[in-house]
Protein chains: 2
Amino acid sequence: MTDTQDKTNDMPGHLARRFQQIAVAVFLAEVEQAGFDLTPVQYAALAAIHANPGIDQITLAGLIAYDRTTITGVIDRLVQKGLVLRQASSRDRRARELQITEAGQQTFRAITPAVEAAQQIMLRGLTETEARELVRLLQKAIAAGNELSRAPLRDGTGEPG
Amino acid sequence: MTDTQDKTNDMPGHLARRFQQIAVAVFLAEVEQAGFDLTPVQYAALAAIHANPGIDQITLAGLIAYDRTTITGVIDRLVQKGLVLRQASSRDRRARELQITEAGQQTFRAITPAVEAAQQIMLRGLTETEARELVRLLQKAIAAGNELSRAPLRDGTGEPG
DNA sequence: TGATATTGATCAGTATACTGATCATCAGTA
DNA sequence: TACTGATGATCAGTATACTGATCAATATCA
C-alpha cells in the first residue's frame with residue numbers, strides 16, 4: 001500500500017502546506033491552553049494594529065500580506081471580540097481607521113508568551129542552528145516570490161517591505 | 001509607518017503561512033497556463049489515487065495528510081470533473097473505493113510538467129543547495145510535528161509515514 | 001470644471017481546513 | 001447472538017484565501 005513512487009512528499013509546495021497546517025495547529029493549541037481564543041491571522045492583525053495605531057485596512061493588509069477581501073472578515077471578528085475599534089477616517093471617508101482597545105492591549109500582552117512558545121514547538125524537530133537556517137531560507141524564498149501572490153507584503157510606502 | 005518593532009515577519013508560523021500562500025499562487029498560475037484547472041490539493045489527491053488504485057478515502061487522507069472532512073469535498077470535485085470514480089467497496093460497505101479514470105490519467109500525465117515547474121518557481125530566490133536544504137529542514141520539522149495536527153501523515157498501515 | 005482613473009472597502013461565490021456531531025457498518029467479545 | 005466500541009463517511013458551522021464585481025470617495029488631468 002505504501003506508494004514508493006509518489007513524489008508528493010518531496011515537493012516544496014506540499015511541504016509548505018503541511019508545515020503551515022502544523023504551525024496553525026500548534027498556535028491554536030498553545031493559545032487555547034493560555035486561556036485565549038485567537039487565530040494566528042487575528043493575532044498578526046492585532047499586533048500590527050498595536051504597532052500602527054490608526055492604520056487603515058489596506059495598509060494593514062500590506063504589512064502582514066493579507067488579501068484585501070480577507071482582512072474585512074478578520075477585523076470584523078476582532079471588533080466583535082472587543083479588541084479593535086473600527087471608525088471612519090476623517091481624512092479619507094473611504095478608509096476605516098483601526099485602533100486597538102484597552103482589552104486588545106491586555107490580550108496582546110497576555111497572549112504573546114503563548115505565541116512565542118508555539119514558535120518553538122513547531123520547530124521542535126530542529127536544532128537551534130537548523131531553526132535559524134529554516135527561517136532565513138523561508139524569508140529569502142518569500143522575498144523572491146513576494147509579488148507572485150495576490151497579497152504581497154508592502155511597507156507603508158507602497159514599496160516591498 | 002514602517003513598524004520596526006513588529007516581529008511578525010520573523011516568526012516561523014507567519015513565514016509558513018506566507019510561503020504556502022506563494023506556493024499556491026505559483027501552482028495555480030502554472031497549471032492555468034498549461035491549460036488546466038486543478039488546485040494543489042486536488043493534484044495531490046489525484047496523484048495518490050493514481051499510485052494507489054482502489055484506495056479508500058481515509059487511507060488516502062492519511063497518505064497526503066488531509067483532514068477526513070476535507071477529503072470529501074476534494075473527491076467530490078475530482079469526480080465532478082470526471083477525473084476520479086467513487087464507488088462503494090464490496091469488502092466494507094462503509095468505505096468508498098477510489099479509481100482514477102482514463103481522463104484522470106491523461107490529465108495527471110499532462111499536468112505534471114507544470115507542477116514541477118511550479119516547484120522551481122516558488123524557490124527561485126534560492127540556490128540549488130539552499131533549495132535542497134529548505135526541503136530537508138521542512139521535512140524534518142514536519143516529521144517531528146506530524147502528530148500535532150488533526151490530519152497527520154500515515155502510511156497504509158496506520159504507522160507514521 | 002468635468003470626465004476619467006484610481007483607491008478603500010465590501011460582497012458573492014468557491015476551495016481548503018478545522019471542530020464536533022451523526023449515521024451506518026464492522027469487529028470483537030461476553 | 002447481542003452488546004459495545006471502533007471505523008468510514010458525511011454534515012453543519014466557522015475561519016482563512018482567493019476571483020471578480022460593485023460602490024463610494026478621492027485624485028488627476030484635459
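Order of the sequence lines fixes the chain letters, A, B, ..., with proteins taken first and strands second; residue numbering starts at 1 for each chain.
Residue A:Arg86 is classed as a sugar-phosphate contact, given heavy-atom separations below 4.0 Å to backbone atoms only. Within 4.0 Å (heavy atoms only), B:Thr70 reaches at least one base atom of the nucleic acid. Using a 4.0 Å heavy-atom criterion, one finds that A:Ser89 contacts no nucleic acid atom at all. Contact annotation for B:Arg93: backbone-only contact, meaning every heavy-atom pair under 4.0 Å involves sugar-phosphate atoms and none involves a base. Within 4.0 Å of B:Ala25, counting heavy atoms only, lies no atom of the nucleic acid at all. The residue B:Arg68 sits close to a base: some heavy atom pair falls under 4.0 Å.
With rounding to the nearest 0.5 Å, the separation of CG in B:Leu38 from CZ in B:Arg77 is 11.0 Å. In this structure, A:Ile75 CD1 and A:Gln57 CD are separated by 5.5 Å, a value rounded to the nearest 0.5 Å.
Both A:Gln20 and B:Asp76 lie close to DNA chain D; mapped to their nearest nucleotides by heavy-atom distance, the more 5′-ward contact belongs to B:Asp76. Place A:Arg150 and B:Thr39 on DNA chain C by their nearest nucleotides, and A:Arg150 ends up nearer the 5' end.
A heavy-atom distance below 4.5 Å is found between the side chains of A:Gln106 and A:Glu102. Within the 4.5 Å cutoff, no side-chain heavy atoms of A:His14 are placed close to those of B:Phe27.
For the residue pair B:Gln139 and A:Asp10, a side-chain donor N or O sits within less than 3.5 Å of a side-chain acceptor on the partner. If you check the side chains of B:Ser89 and B:Asp92, you find no donor sitting under 3.5 Å from an acceptor. Between the side chains of B:Arg18 and B:Gln21, at least one donor N or O lies within less than 3.5 Å of an accepting N or O.
In the hydrophobic clustering of this structure, A:Leu28 does not group with A:Ile22; members are Ile, Leu, Val, Met, Phe, Trp, Tyr whose side-chain heavy atoms approach within less than 4.5 Å, directly or through other members.
Atom pair A:Ile58:CD1 and D:dA25:C1' shows a separation of 14 Å (rounding to whole Å applied). Here D:dG8 presents its P atom at 15 Å from CD1 of B:Ile75, a figure rounded to the nearest Å.
Checking C:dA30 for Watson-Crick or G-U wobble geometry (two distances, each under 3.5 Å) identifies D:dT1 as its partner.
On the nucleic acid side, DNA chain C has its first and last nucleotide under 4.0 Å of a heavy atom of chain B at C:dA15 to C:dC26, going 5' to 3'.
Ring-plane geometry between A:Tyr43 and A:Phe108 is classed as parallel, the angle between the planes falling under 30 degrees on a 0 to 90 degree scale with a further cut at 60.
The stretch residues 103-111 of chain A has no heavy atom under 4.0 angstrom from DNA chain C at all.
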